[in-house]
Amino acid sequence: MSIRQETLSRINGIDIGGGKMGVRQETLNKIKGVELKKIDMPKKVSSYFGENTFSITAMQKYLSKNTFDAFKKWMSEGVTISKDQADEIANAMKDWAMSKGATYYTHWFQPMTGLTAEKHDSFISITGPGKVIEKFSGSKLIQGEPDASSFPSGGIRATFEARGYTAWDPSSPAFIIESQLGKTLCIPTIFISYHGEALDKKLPLLRSDEALSKAAVNLLKLFGHKDVKKAFSTCGPEQEYFLIDKNYYNLRQDLVMTGRTLVGAASPKGQQLEDQYFGTIKERVVNYMFEVAEEAYKLGIPVMTRHNEVAPHQYEFAPIFEESNIAADHNQLLMEIMKKVALRHNMVCLLHEKPFAGINGSGKHVNWSLGDDKGNNLLNPGDTPEDSLQFLAVLAAVLRAVYLHSDLLRASVAMAGNEHRLGANEAPPAIISVFLGAQLTKVLDVIEKGAKSSVSKKDIIDLGIARLPRFNKDATDRNRTSPFAFTGNKFEFRAVGSSQNISTPITIVNTIIADSLDYVADKIKKASSGKDFNTAALQVIAQIIKETKDIRFEGNNYAEEWVKEAKKRGLPNIASTYESLEALTKEKNIALFEKYKVFSKEELVARYHIWIHTYDLILEIEANTLVEMVNASIVPAGYEYEKLLATNLGRLAELKKVAGMKLDTAVLKDKVEHLKDVSSKIYYVRRNTGEMVKLLEKAHTLSAEKRAELYFEELKPLMDHIRKHVDQLECVVSDEHWDLPKYREMLFIK
Ligand code: ADP
Ligand code: MG
């Protein structure tokens with residue numbers, strides 16, 4: 001039976017057993033949506049939102065009033081609770097979790113790998129021979145020791161003191177993760193060494209928020225808000241992702257091993273028609289989105305919007321913003337949910353920054369702002385001249401922070417996956433700049449020119465900044481190409497990679513802005529002593545606007561002219577991960593992080609080493625996967641097809657010679673050309689792969705830094721080169737022999 005007939009038989013429900021089809025074609029036949037069991041979730045989200053979290057409301061129900069009040073005081077003012085109170089909270093947490101059916105608990109943390117980690121323990125304690133009770137003490141709640149000698153520490157821990165400790169982070173509520181056969185209580189924790197060094201992504205974030213709070217409160221006091229006690233960063237991360245059918249995924253060892261396709265010819269139809277962006281969402285995908293949202297809501301994750309993205313099979317979830325610490329935990333959880341739920345729908349969720357070449361990659365737009373405990377957003381332009389002035393002071397601080405520390409922002413998004421994206425045609429370039437929009441730019445221009453020696457309220461009104469226009473999100477005034485864009489009442493850091501843990505980018509944003517808020521406050525304080533406050537403030541702002549002008553760019557960040565212009569302005573444009581990460585080892589940056597107690601020198605340098613090392617490992621996994629694909633799948637497919645052509649040609653030549661078959665030489669020549677073409681493509685694939693193997697061997701003698709350099713400068717171009725020939729081969733080899741699912745199938749057949 002031919003493949004077509006086999007397919008027809010199957011459609012008609014006739015089982016024809018193993019036929020002639022290639023693996024890929026059989027797989028194509030298996031693609032179908034899963035039959036969904038109707039899940040009876042309550043219709044109203046509010047009736048179950050956060051039901052699997054030990055929220056403030058749940059706590060209040062399970063705790064004595066004294067302990068509950070003490071806990072709240074701890075959160076708002078930092079007054080630590082007693083050991084007895086910790087025991088009571090642990091017990092309450094256990095009772096609550098058991099009432100929900102949990103039998104295990106885990107300290108949940110975010111090691112420097114960027115993933116999340118868990119070590120599960122049962123609640124049971126032995127009370128006698130064959131007898132157990134469920135017990136959970138305050139000490140177990142507060143501190144755990146996951147014997148974590150295999151987590152990367154970047155040299156912070158010597159092996160003889162390899163222990164890492166997890167410590168409860170009470171600012172993020174405990175939650176329950178459900179799996180089919182049981183439930184686990186997860187307790188958000190930080191992860192530290194015996195000497196208290198941060199071994200995770202979370203502790204630095206908490207520290208940076210503290211630094212930011214101090215600096216913001218200080219500035220607010222200067223502007224007359226004496227009653228503000230606390231400020232914090234807020235974050236709403238927009239999460240992009242791809243979905244593909246699991247059957248394809250399983251046949252692509254590159255996707256399984258590396259999360260991205262290492263080969264694959266472009267599909268004739270890609271995203272050029274832009275017919276997917278915000279288009280109708282396919283039913284199979286909508287079902288998936290419903291279930292993701294439900295799972296998220298149970299955990300109190302406020303997923304808000306969902307839509308199709310630009311590339312085929314690319315989508316986005318965006319939550320309502322929260323305090324950064326919670327937003328970071330929630331984003332990690334959301335990514336886990338997205339992956340888990342996809343499998344239930346017979347799909348795989350790809351979070352890699354560039355799963356498919358030639359079409360858009362995925363990012364995570366980190367929306368960032370600064371809030372205070374009075375409910376104000378400090379990046380809100382404000383209603384009165386005083387408010388406007390304060391807004392401009394904060395804005396000036398942001399501009400200065402990005403201007404001075406764009407190297408750190410670049411480093412915060414430096415990773416192997418994102419390297420494919422930054423500077424490619426759809427993502428922000430590796431050049432960091434700030435976009436403010438036409439209105440705000442005009443205001444800054446006026447201030448810059450008009451900084452007078454004395455300014456009255458009326459002058460401020462004349463300057464046009466009394467009531468700064470409400471910068472409501474306005475589609476006409478949005479620049480989607482900017483890596484750091486002002487979008488109404490927040491900044492959007494768009495260079496973050498889709499798979500990244502957002503803690504580090506936020507930590508860095510928080511710290512550099514804390515530093516600049518201090519700078520601005522200090523300058524205004526000095527300038528205003530004995531002078532009019534508004535005049536002094538406006539002069540300081542004008543000065544900063546002038547000094548930091550080079551960081552502002554309103555045009556198209558993807559254009560070639562910007563690269564030239566940025567070079568003229570002296571803005572760094574670093575394409576590689578290894579060079580970007582060097583920012584973490586610069587003395588001025590170490591001093592900054594030490595000043596704000598966010599990272600010690602050791603902690604920062606440890607991160608540098610871990611991230612370089614991770615980059616090396618990822619590239620080695622990719623290269624080795626490619627070697628195997630070439631040797632075990634691509635070249636054999638080529639040989640099979642080559643054999644077919646050669647046999648064919650041989651027979652024809654023979655027929656011509658022996659049987660005198662009339663055959664135009666041009667016809668034979670054409671067949672020879674075809675065969676030659678296939679053979680030479682196989683040859684190039686093999687030759688370059690051989691070179692790559694040699695390069696990998698050579699790399700093993702080098703330091704991690706040198707390896708990262710070699711991989712960026714030589715290995716990646718070589719991999720691209722191999723890919724080019726493989727993709728050409730894919731376009732000539734017959735479908736019957738090519739077993740790797742093609743782009744046009746993975747991206748278009750639903
Ligand atoms: P777009 O795709 O146009 O950028 P979205 O509405 O998809 O806009 O996403 C905007 C994101 O910004 C949402 O996640 C939202 O919660 C977040 N956001 C809004 N206000 C703030 C704020 N003050 N601080 C941090 N994030 C915010
Ligand atoms: Mg956005």
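Note that this is a predicted model, so its numbers are computed, not measured. When a ligand or atom number is given, it counts from 1 through the structure's own listing order.
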Asks: With a 3.5 Å distance limit and no angle check, can you tell me whether His352 reaches the backbone of Lys354 through a side-chain donor-acceptor pair?
Replies: yes
Asks: Using distance alone, decide if ligand 1 has a nitrogen or oxygen within less than 3.5 Å of any nitrogen or oxygen in Phe321.
Replies: yes
Asks: Please check this pair: side chain of Ser503 against backbone of Ala328, looking for a donor-acceptor N/O pair closer than 3.5 Å.
Replies: no
Asks: When you look for heavy atoms under 4.0 Å from ligand 1, do you find them on the side chain of Cys235, its backbone, both, or neither?
Replies: backbone
Asks: For Arg480, state whether at least one heavy atom is located under 4.0 Å from any atom of ligand 1.
Replies: yes
Asks: Find out whether the Lys NZ or Arg CZ of Arg552 is both under 6.0 angstrom from the six-membered ring centre of Phe435 and within 45° of the ring's axis.
Replies: no
Asks: Give the atom numbers and elements of ligand 1 that come within less than 4.0 Å of a heavy atom of Ile320.
Replies: 16 (O)
Asks: Between Ile551 and Ile432, which heavy-atom pair has the shortest distance, and what is it?
Replies: CD1-O, 3.4 Å
Asks: Report, in ascending order of atom number, the atoms of ligand 1 lying under 4.0 Å from any heavy atom of Asn377.
Replies: 23 (N)
Asks: Purely on distance, is any nitrogen or oxygen of Asn489 under 3.5 Å from one on ligand 1?
Replies: no
Asks: Heavy atoms only: give me the nearest Glu323-Phe232 pair and the separation to one decimal.
Replies: CG-CD1, 3.5 Å
Asks: Under a 4.0 Å heavy-atom limit, does Arg494 contact ligand 1 with its side chain, its backbone, both, or neither?
Replies: neither
Asks: Is there a heavy atom in Lys490 that sits closer than 4.0 Å to ligand 1?
Replies: yes
Asks: Among Ala318, Pro319, Ser369, Ala485, which residue places a heavy atom closest to atom 13 (C) of ligand 1?
Replies: Pro319
Asks: Taking the basic N atoms (NZ, or NE/NH1/NH2) and the acidic carboxylate oxygens, is any pair closer than 4.0 Å for Lys214 and Asp209?
Replies: no
Asks: Hey, does Trp368 come in under 3.5 Å of ligand 1, counting only N/O atoms on both sides?
Replies: no
Asks: Do Gln390 and His225 meet the criterion of a side-chain donor-acceptor pair at a distance under 3.5 Å?
Replies: yes
Asks: Between the side chains of Arg344 and Glu295, is the shortest nitrogen-to-carboxylate-oxygen separation below 4.0 Å, so that they form an ion pair?
Replies: yes
Asks: Of all the atoms in ligand 1, which lie at a distance below 4.0 Å from a heavy atom belonging to Glu316?
Replies: 7 (O)
Asks: Is a side-chain N or O of Asp372 found less than 3.5 angstrom from the main chain of Asn377, in a donor-acceptor match?
Replies: no
Asks: What atoms in ligand 1 come closer than 4.0 Å to a heavy atom of Glu492?
Replies: 4 (O)
Asks: Looking at non-hydrogen atoms alone, which of Asn367, Val303, Thr487 comes nearest to atom 11 (C) of ligand 1?
Replies: Asn367
